[in-house]
Amino acid sequence: MDVSPILDPLNEAQREAVASEMLPALVIAGAGSGKTRVLVHRIAWLCEVESVSPYSILAVTFTNKAAAEMRSRVESLLESSLGGMWIGTFHGISHRLLRTHWQEAKLKQSFQILDSDDQLRLVKRVILGLGLDDTKWPAKHARWYINGRKEEGQRPQHIQDHGDVTDRQLIRIYTAYQAACEQTGLVDFAELLLRSLELLQQNPEISTHYKAKFRHILVDEFQDTNSIQYQWLKVFAGEENPIFAVGDDDQSIYGWRGARIENIHSFESDYKQAQIFKLEQNYRSTNTILSAANSLIGNNQSRMGKKLWTEGGDGEPIYLYTAFNEQDEARFVADKIKHWVETCNGRRDEAAILYRSNAQSRVFEEVFITQSIPYRVYGGFRFFERAEIKDALAYLRLSKNSADDPSFERIVNVPTRGIGQRTVAMLRDFSKQHQLTLWEAAEKILQASLLAARASNALQEFMRLMHKLRHDIDGLELDEQVDHIIQVSGLVKHHGRDGSEKSKSRVENLEELVVAARGFHMDDELYEGMQPLDAFLTHASLEAGEGQGAQWDDCVQLMTLHASKGLEFPLVFIVGLEDGLFPSSMSMEEPGRLEEERRLCYVGITRARQQLVLTYAESRRQYGSDNYNPPSRFISEVPAELIAEVRPRAAVTKPTVRASFQANSFAAETGVKIGARVTHVKFGEGVVLDCEGKGSSARVQVHFENVGSKWLVLAYANLDMLA
DNA sequence: ATAAAACGATTTTTT
DNA sequence: ATCGTTTTAT
């Protein structure tokens with residue numbers, strides 16, 4: 001057996017992980033250390049050397065993109081196609097299980113997936129249906145609650161309200177929402193995971209089958225798994241099958257969405273024989289950039305511990321620019337990019353601008369437009385999430401499943417056909433009273449002539465239209481079905497009415513949907529046994545599509561720090577480095593959340609290959625008024641010797657460069673270090689967040705578990721250090 | 001049924 | 001400031 005193609009391209013640490021025994025393994029893979037490569041080569045190793053059949057491998061990722069990349073890289077390494085191997089997202093694989101075992105999972109065979117927008121609408125309707133005031137019970141909050149409970153594996157009947165009124169109402173909403181989903185055959189994202197976990201837990205014959213099938217389980221981005229996902233993995237693993245988990249605790253930035261970094265620690269105790277590997281050699285960035293990243297992340301307390309290094313050189317220093325305001329900041333970045341393109345022979349798409357919040361992109365866009373610099377903003381609405389597309393899909397869904405109430409509500413008056421609020425309210429009441437779907441309620445109401453003539457006619461017209469559509473599209477090809485529906489429903493005409501740019505693009509999108517349907521192939525095993533339309537609808541829900549169509553132009557890349565995870569660029573700007581913005585004011589007071597912000601900064605820094613530029617503005621217009629935020633504490637956590645200030649400003653008090661000295665000298669003088677745990681006689685235990693001043697006026701900001709954050713004068717506070 | 005006016009929120013978002 | 005949502009007026 002020639003193992004050289006598999007092992008030769010790897011470094012020592014990677015090789016050890018790839019060729020490790022068939023035992024549980026945890027690979028802590030630093031940024032740019034070849035994480036995907038290890039995963040891909042491990043699969044190849046299993047197939048080629050350990051003679052594991054691809055049918056026995058389950059590889060799980062978070063995004064469709066990562067799944068597709070992994071599959072194609074394994075295929076090109078093995079030079080064969082991996083038909084039988086299950087590579088997919090947690091949601092995709094859960095979905096596949098539920099489709100196969102829909103009966104055991106107590107689902108309708110034709111269940112459809114509710115995306116988060118659909119979910120919000122449904123939650124809102126449920127709240128109103130319970131007679132609650134939706135301003136007192138915001139749908140967003142209820143959705144957050146429901147998803148949170150599902151991610152903890154909790155069903156309404158398991159939850160105690162502890163006599164709390166708020167909890168009791170939320171549980172009521174959850175219960176009613178779930179009932180609505182069951183009745184209409186809809187499944188939300190969290191439900192896909194929980195339902196498939198329950199399926200496995202409650203049906204031993206099914207879990208036994210899959211445990212016998214999947215002898216090897218591989219997971220990407222393990223630090224991002226939530227508690228249900230980890231449980232789900234453990235079911236597949238059972239006692240027998242080793243999990244090969246790859247992740248980076250320092251890149252865990254989705255804690256606010258339920259990701260549990262603790263799963264990494266649990267893994268060690270859950271699998272005692274687990275081998276731990278660390279990948280610390282970085283192939284992406286210069287030494288300077290890595291030193292900055294190492295130093296910054298060193299301020300976090302709860303880490304596995306890891307230090308990136310490279311064989312490469314130091315490269316350029318990190319530039320720091322202090323802008324007067326956000327306009328100045330954007331102009332500076334634009335100039336720097338021009339310089340990169342014109343004198344350094346770089347390309348625009350090698351430059352990325354990373355910011356904490358989406359709102360920050362605007363100023364950059366304005367400046368780029370006036371200077372004619374092509375750019376591309378990541379994020380925003382994706383294809384299948386656009387309103388007009390969702391309208392068209394709702395027609396398709398309703399024509400397929402008349403019980404789909406959310407789709408019914410969405411399109412009953414789109415385009416407007418004289419079915420107003422009152423009529424819809426009547427339908428809702430009637431359906432609720434008689435336990436009917438909206439469609440059935442409409443039929444009954446028409447039969448009984450309960451509506452005024454005008455509303456009755458309009459509703460009748462709608463029902464006739466749906467009947468006609470259902471009849472017309474029977475037997476047509478998928479793309480013909482889509483085309484027929486968008487034409488006959490009047491959606492195209494509706495959007496094409498006024499000739500504005502926006503309406504033009506909506507019509508184009510609808511036409512694009514026909515093209516997407518034409519290009520949609522059922523060849524994926526995922527869609528085995530499904531009707532083409534069901535499969536297409538599933539595809540639309542599970543894969544929302546790219547933010548923008550392929551943009552091959554040479555564009556500057558603008559995105560949030562979150563969106564940058566997994567990407568790399570020769571030239572990276574991290575902008576808006578101000579306390580209150582980044583770290584966000586909403587996370588600054590809580591040590592755990594501040595650490596996540598710091599990891600986000602670490603992610604940003606480690607995106608850069610050659611050149612990293614940091615900027616902050618002394619004054620920034622936020623929410624309509626001018627704010628003067630102090631420079632981000634993260635700037636001072638980068639060693640000053642790595643930083644070159646672009647505009648050194650002698651006269652003005654600017655502690656930026658001195659700040660890291662300041663934190664260090666503060667520690668030397670007072671013995672109090674940022675991040676240290678302390679106790680206070682009155683306030684109890686806490687963590688040091690920040691420090692300032694010296695001598696008798698030295699003060700520290702401490703976050704106490706019970707009373708929140710406080711600034712304390714060291715001389716009076718009588719803090720005790722904890723080990 | 002549409003348009004204007006008032007209101008309110010405003011970190012990040014893999015599926 | 002600005003964007004999306006909801007209320008109110010035409």
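Residue numbers begin at 1 in each chain, while the letters A, B, ... track the order of the sequences.
With rounding to whole Å, A:Leu186 atom CG is found 20 Å from B:dT15 atom P. As rounded to whole Å, 18 Å separates atom P of B:dT12 from atom CG of A:Asp224. With rounding to whole Å, A:Leu594 atom CG is found 15 Å from B:dT12 atom C1'. Separating the CD atom of A:Glu365 from the C1' atom of C:dT2 is a distance of 14 Å, rounded to the nearest angstrom. Between the P atom of B:dG8 and the NZ atom of A:Lys140 lies a distance of 15 Å, rounded to the nearest Å. Rounded to whole angstrom, the span from the CD atom of A:Glu590 across to the P atom of B:dT11 amounts to 16 Å. One interatomic measurement links the two molecules: CD of A:Gln622 to C1' of B:dA9, which rounds to 14 Å at whole-angstrom precision. Atom pair A:Phe384:CZ and B:dT13:C1' shows a separation of 19 Å (rounding to whole Å applied).
The listed nucleotides are B:dA1, B:dT15, B:dT11; the one nearest the side chain of A:Thr89 is B:dT15. Checking B:dT11, C:dC3, B:dT13 against every side-chain atom of A:Arg362, the shortest atom distance belongs to C:dC3. Closest approach to the A:Glu385 side chain among C:dT6, B:dT11, B:dT15 is made by B:dT15 (side chain taken as heavy atoms from C-beta onward). Considering only the side chain of A:Asp134, C:dT6 comes nearest among C:dT6, B:dT12, B:dT15. Set against B:dT13, B:dT15, C:dT2, the side chain of A:Phe189 has B:dT15 as its closest nucleotide. Nearest nucleotide to the A:Asn358 side chain, out of B:dT15, C:dA1, B:dT13: B:dT13. Of the candidates C:dT6, B:dT2, B:dT12, B:dT2 carries the atom nearest the A:Thr416 side chain, counting heavy atoms from C-beta on. Comparing atom distances between the A:Lys124 side chain and each of B:dT15, B:dT11, C:dT6 picks out C:dT6 as nearest.
The partner of B:dT13, taking Watson-Crick or G-U wobble pairs whose two distances both stay under 3.5 Å, does not exist in any strand shown. Partner assigned to B:dA1 is C:dT10, using Watson-Crick or G-U wobble distances below 3.5 angstrom.
Residue whose closest nucleotide on DNA chain B sits further toward the 5' end, between A:Gly418 and A:Glu221: A:Gly418. Each of A:Ala190 and A:Met586 lies near DNA chain B, and the nucleotide nearest A:Met586 is the one positioned closer to the 5' end.
Side-chain N/O atoms of A:Gln223 and A:Glu221 include a donor and acceptor closer than 3.5 Å.
Between A:Ser116 and B:dT15, a side-chain N or O to OP1/OP2 separation shorter than 4.0 Å is absent. Put simply, A:Tyr378 has no side-chain N or O that comes within less than 4.0 Å of OP1 or OP2 on B:dT12. For the OP1/OP2 pair of B:dT15 and a distance below 4.0 Å, the side-chain nitrogens and oxygens of A:Asn64 include at least one atom meeting the criterion.
Taking the ring axis of A:Tyr145 as reference, the NZ or CZ atom of A:Arg149 stays within 45° of it and closer than 6.0 Å to the ring centre. Cation-pi geometry between A:Lys234 and A:Tyr230 is met: the NZ or CZ atom falls under 6.0 Å from the ring centre, inside 45° of the normal. In this structure, A:Arg331 fails the cation-pi test against A:Phe324, since its NZ or CZ atom is not both closer than 6.0 Å to the six-membered ring centre and inside 45 degrees of the ring normal.
Using a 4.0 Å heavy-atom cutoff across all strands shown, A:Ser541 reaches no nucleic acid atom at all. Among the atoms of the strands shown, none is found under 4.0 Å from any heavy atom of A:Gly566. Residue contacts for A:Thr560: at a heavy-atom cut-off of 4.0 Å it reaches the sugar-phosphate backbone alone, with no base atom in range.
The backbone N or O of A:Val603 lies less than 3.5 Å from a partner atom in the side chain of A:Arg607, making a donor-acceptor pair.
Interface remark: the A:Arg593 side chain does form a donor-acceptor pair with the B:dT11 base, using a distance-only criterion of under 3.5 Å.
With respect to A:Leu39, the side chain to side chain contact (heavy atoms under 4.5 Å, CB included) criterion is satisfied by exactly one of A:Val246, A:Val74, A:Val219, A:Val27: A:Val246.
Stacking is not found between A:Tyr254 and the pyrimidine-like six-membered ring of the B:dT12 base under the 5.5 Å centre-distance and 30° plane-angle cut-offs.
Salt-bridge check for A:Arg620 with A:Glu578: passed, with a basic side-chain N closer than 4.0 Å to an acidic carboxylate O.
Between B:dT12 and C:dT5, the distance separating the two C1' atoms is 22 Å to the nearest Å.
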